[in-house]
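These notes are about the structure you will find just below.
We're numbering straight along the sequence, starting at 1. Indexing begins at 1, ligand by ligand and atom by atom, following the structure's order. What's counted below: heavy atoms across the whole structure, side chains too, no hydrogens, waters or symmetry copies.
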Amino acid sequence: MSDRYQDFASSQIGKFLVKNLGLPSPMRLERYAAGSPLVDGTVAVGGRGRLAESLPGILEGLDIASTTATDADATYKGLVFDATGLTSSDQLVALRDFFTPLMRSLDTCPRVVVIGTPPEQVEGAERVAQRALEGFTRSLGKEIGRGGTVQLVYVAEGAEGALASTLAFLLSPKSAYVSGQVVRIGAHGTTVAGEVADWTTPLAGKVALVTGASRGIGEQIARVLHRDGATVVGVDVPQAASELQSLMKELDGDWLTLDITGKDAPQRIAHHLKEKHGGVDVVVHNAGITRDRKLANMAPDSKGDRWESVVAVNLTAPERITRELLDQQVINDNGSIIGVASIAGIAGNVGQTNYAASKAGVIGFVDSLADELDRGITINAVAPGFIITQMTAAVPFATREVGQRLNAMSQGGLPVDVAETIAWLGSPGSTAVNGNVVRVCGQMMLGA
Ligand code: NAD
């Protein structure tokens with residue numbers, strides 16, 4: 001499925017009209033190709049704080065070239081600034097001093113990461129300065145252009161050694177459609193990262209469950225987790241059995257056809273994973289449905305109950321399945337649970353009271369479990385914005401156009417962008433990334 005406006009805007013006549021009429025000009029985003037280096041260029045590192053000394057070593061471990069001797073005449077693919085040393089508002093000028101001379105030295109689709117200390121962990125003037133970083137990064141995300149992304153990563157005291165998997169994601173094209181995000185590392189207990197022997201296959205030897213895996217975003221999640229080395233167990237409804245089976249055969253995976261809202265679905269999934277795979281490492285609750293209607297028209301009708309079906313698939317089923325997998329100890333140590341929320345669950349949307357309630361509930365589910373989980377198990381969620389799929393292709397043209405352009409990148413994302421974000425959260429290197437909700441929305445203006 002292509003973005004016809006983007007195709008037009010990059011044609012010769014399109015370029016002329018875009019320039020002269022001041023229309024949005026979406027940049028073709030670079031995306032990760034298996035086997036390519038994580039970063040195709042050099043990353044400039046600056047700032048003085050808890051991480052300044054270790055950052056070059058972390059990047060070297062990821063085979064990412066970096067330099068601390070910045071030169072405004074050079075070209076950089078990424079910038080990383082350690083702001084953990086900023087303890088008062090007058091010191092924030094260090095951001096300007098580092099970034100301003102380099103803003104014209106950035107390559108296409110550049111990556112910017114600012115590292116801070118979670119404000120809730122410090123007090124007084126330091127807390128103020130650390131909180132200020134959020135406004136800086138979110139604004140830079142909106143002005144960087146050229147397909148660039150900007151993120152803030154709050155690293156808790158003691159979690160300095162757990163940063164590699166997050167930098168591997170945020171500095172690479174894997175995070176093409178993730179921008180303006182605030183990620184917390186080590187905020188919920190675990191501050192150490194699991195071993196990753198090979199960054200090209202971080203999920204080698206792991207088992208991943210993906211619901212709704214036969215098409216759309218779920219299919220891409222299955223493909224990316226397989227690329228990263230996992231054995232994927234796909235779940236989908238019996239009506240999607242043939243698509244599911246052919247995909248899982250292609251990926252050397254396994255499948256289970258059932259309706260996740262079925263009474264015995266949690267037990268069947270738990271039994272299957274335990275008996276056939278000895279457990280599961282990554283659980284992705286992707287299956288979801290919409291049944292849009294304004295609330296005034298939401299009463300059950302001949303087409304069924306729009307409210308109950310949406311909440312049952314999107315929220316109650318993930319809750320019940322997770323509970324069963326935890327109670328039966330089917331999720332292995334250091335495993336991860338990943339929910340799929342939505343921008344609708346953050347900003348709200350006309351005609352989607354049912355859907356938005358279910359998706360905000362997914363965020364509540366993350367909040368409720370993040371502190372409760374043990375054995376190194378984590379829970380996080382992704383919140384996709386406008387992703388180009390069969391679901392959004394059905395949206396009327398004008399609404400779709402507005403939906404696609406209302407973000408800092410002036411375009412919709414691809415299913416693979418959601419999948420890459422999930423692969424990062426599911427990596428054994430991300431055991432200190434817990435309790436986060438990461439938007440995959442090109443920094444959408446809604447609910448910002
Ligand atoms: P999709 O409709 O293309 O795919 C959903 C899959 O879930 C289908 O294969 C479907 O058969 C399966 N499924 C539905 N009900 C099921 C059930 N009861 N049991 C088992 N499987 C079931 O949708 P998509 O666009 O790929 O969306 C995937 C997820 O991403 C959903 O949770 C959706 O809410 C969320 N999301 C999508 C977008 C977007 O722009 N496409 C935006 C935000 C969030």
Please report the shortest heavy-atom distance between D236 and L244, naming the atom on each side.
->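 Looks like N-CD2, 3.7 Å.
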Between N380 and V366, what is the shortest heavy-atom contact and its length?
->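 N380 and V366 have their closest heavy atoms at C-CG2, 3.8 Å.
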Any donor-acceptor pair under 3.5 Å linking the side chain of D417 with the backbone of T421?
->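 No: the side chain of D417 does not pair with the backbone of T421.
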Report yes or no: does N354 contribute a side-chain atom to a donor-acceptor pair with the main-chain N or O of E308 at less than 3.5 Å?
->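 Checked: no pair found.
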[atom]: which protein heavy atom is closest, and how many Å away?
{"atom": "atom 7 (O) of ligand 1", "value": "G212 CA, 3.4 Å"}
{"atom": "atom 26 (O) of ligand 1", "value": "I217 N, 2.8 Å"}
{"atom": "atom 40 (O) of ligand 1", "value": "I387 N, 3.0 Å"}
{"atom": "atom 10 (C) of ligand 1", "value": "D236 OD1, 3.4 Å"}
{"atom": "atom 28 (C) of ligand 1", "value": "N286 OD1, 3.1 Å"}

Taking ring pair (Phe, Tyr, Trp, His ring centres under 6.0 Å) as the test, write out the residues that go with W424, two or more places apart.
->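 In terms of ring pair (Phe, Tyr, Trp, His ring centres under 6.0 Å), with neighbours along the sequence ignored, W424 is linked to F169.
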Among the heavy atoms of G412, does any lie under 4.0 Å from an atom of ligand 1?
->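 Per 4.0 Å heavy-atom rule, G412 does not contact ligand 1.
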Please verify whether a non-hydrogen atom of A383 lies at under 4.0 Å from ligand 1.
->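 Outside the 4.0 Å threshold, so no.
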Proximal candidate to [atom] [heavy atom criterion; set [options]]:
{"atom": "atom 5 (C) of ligand 1", "options": "A213, G218, G216, G288", "answer": "G288"}
{"atom": "atom 43 (C) of ligand 1", "options": "P384, S214, P415", "answer": "P384"}
{"atom": "atom 20 (C) of ligand 1", "options": "V235, T211, L258, V382", "answer": "L258"}
{"atom": "atom 1 (P) of ligand 1", "options": "Q220, E243, K359, R215", "answer": "R215"}
{"atom": "atom 41 (N) of ligand 1", "options": "T389, I221, L256", "answer": "T389"}

For ligand 1, which atoms sit closer than 4.0 Å to a heavy atom of I289?
->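 Checking each atom against I289, I get 14 (C), 15 (N).
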Sub-4.0 Å atoms of ligand 1 with respect to non-hydrogen atoms of S342 |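 Atoms satisfying the 4.0 Å criterion: 43 (C), 44 (C).
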Looking at R223, R227, R31, which hits salt bridge (Lys or Arg N to Asp or Glu O under 4.0 Å) with E420?
->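 Answer to the salt bridge (Lys or Arg N to Asp or Glu O under 4.0 Å) test with E420 among R223, R227, R31: R227.
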In terms of side-chain heavy atoms, does S430 have a donor or acceptor partner in S165 at a distance below 3.5 Å?
->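 Their side chains do contain a donor-acceptor pair, which is all the 3.5 Å distance test asks for.
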Establish, from distance only, whether the side-chain atoms of Q352 and D292 form a donor-acceptor pair under 3.5 Å.
->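 A pair is found: one side chain offers a donor N or O, the other an acceptor, under 3.5 Å apart.
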If you measure from each non-hydrogen atom of V313 to ligand 1, which part falls under 4.0 Å: side chain, backbone, both or neither?
->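 Looking at V313 and ligand 1, just side chain atoms fall under 4.0 Å.
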Going by distance only, is there an N or O of Y355 that falls short of 3.5 Å from an N or O of ligand 1?
->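 By distance alone, the answer is yes.
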Check: V340 N/O within less than 3.5 Å of ligand 1 N/O =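 In fact, backbone or side chain, V340 has no N or O that close.
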Sequence neighbours left out, what passes salt bridge (Lys or Arg N to Asp or Glu O under 4.0 Å) with R127? Give chain and number order.
->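 None.
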Should we say atom NE2 of H277 is surrounded by more than 12 heavy atoms from elsewhere, each under 6.0 Å from it?
->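 Counting neighbours around NE2 of H277, more than 12 heavy atoms of other residues, nucleotides or ligands fall under 6.0 Å, so yes.
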